[in-house]
Amino acid sequence: EAGVTQSPTHLIKTRGQQATLRCSPISGHTSVYWYQQALGLGLQFLLWYDEGEERNRGNFPPRFSGRQFPNYSSELNVNALELEDSALYLCASSLAWNTGELFFGEGSRLTVL
Amino acid sequence: ILNVEQSPQSLHVQEGDSTNFTCSFPSSNFYALHWYRWETAKSPEALFVMTLNGDEKKKGRISATLNTKEGYSYLYIKGSQPEDSATYLCAPHNAGNNRKLIWGLGTSLAVNP
């Protein structure tokens, strides 16, 4: 069974541009989570989607947004990129609230020049 | 939850040594604690999800205990092997926190052969 897949693996953008990152959850998982790991910091919660709806978001500005598609895959969009957006972006999926266990992808490394 | 602390920050041990790490977190309104293992260039992998005070979980040579009243969890590795080299992350979340895990910075373990 395929795990969580993310694309692209690496992305280089310049300040002010937009970046789109994609995530496909494990088959049957309805919840998708996005995390940011900037250099020297822990994983920071960005967004949680479940059944196509945004359920919760972390303390990030509105230029961080996303969506979840009917097949439960998800996109993370970052508008008006800033240098400090350079980070590893991890996507995770889960099956159910009771389990809680997250299954992570290998991440997308975004570099903003 | 405002502050999750993991100690030590890094650890170097010899193959065969047993070791343990600590995760400290505010105990109020506790719901669950997650432990993950993150090897370089791979995705974080769930080790344990713990919910009950006094709970103890085991997976092979790795075990964990949980004290929700005083707000700490210990992760133990018995007879460390080079393949145990990774960063070990803990993430508690509170009831009602709507799946927003708060991640520690991790303990980086290096096991020398």
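Sequence lines set the chain letters: A, B, ... in the order given, protein chains first and strands last, and positions in each chain run from 1. All figures in this text were calculated on a predicted structure; none of them were measured in a lab.
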Tell me, for B:Phe48 versus chain A, whether the close heavy atoms (under 4.5 Å) come from the side chain, the backbone, both or neither.
neither
Is there a donor-acceptor contact under 3.5 Å from the side chain of A:Gln6 to the main chain of A:Cys91?
yes
Between A:Asn77 and A:Gln18, is the side chain to side chain contact (heavy atoms under 4.5 Å, CB included) condition met? List the steps.
CA-CA 7 Å; A:Asn77 296 295; A:Gln18 179 198 38; 4.0 Å; yes
Distance-only, no hydrogens or angles: does the B:Glu15 side chain make a donor-acceptor pair with backbone N or O of B:Pro113 under 3.5 Å?
no
Which of A:Leu102, A:Ile26, A:Thr30 passes side chain to side chain contact (heavy atoms under 4.5 Å, CB included) with A:Ser93? It is A:Ile26
With a 4.5 angstrom heavy-atom cut-off, could you sort out which part of A:Leu41 is near chain B: side chain, backbone, both or neither?
backbone
Does anything in residues 104-113 of chain A reach chain B? List residues with heavy atoms under 4.5 Å apart, or say none.
A:Phe104, A:Gly105, A:Glu106
Taking non-hydrogen atoms and a cut-off under 4.5 angstrom, which of residues 60-74 of chain A neighbour chain B?
none
Output yes when a side-chain donor or acceptor of B:Lys59 lies under 3.5 Å from a complementary backbone atom of B:Leu47, and no otherwise.
yes
Does anything in residues 52-95 of chain B form a disulfide bond (SG atoms under 2.5 Å apart)? List the pairs, not counting sequence neighbours.
B:Cys23-B:Cys90
Interchain contact, B:Ala91 with chain A, by part (heavy-atom threshold 4.5 Å)
neither
Is B:Asp84 paired with B:Arg61 through a side-chain N to carboxylate O contact shorter than 4.0 Å?
yes
Quick check for you: to the nearest 0.5 Å, what is the distance between B:Lys78 atom NZ and B:Asn20 atom CG?
14.0 Å
Check whether any side-chain N or O of B:Glu39 sits under 3.5 Å from a backbone N or O of B:Glu45 as a donor-acceptor pair, and report yes or no.
no
Could you walk me through whether A:Phe45 and A:Tyr35 pass the side chain to side chain contact (heavy atoms under 4.5 Å, CB included) check?
CA-CA 5 Å; A:Phe45 171 77; A:Tyr35 287 90; 3.9 Å; yes
Sequence neighbours excluded, which residues qualify as ring pair (Phe, Tyr, Trp, His ring centres under 6.0 Å) partners of B:Tyr72?
B:Tyr74
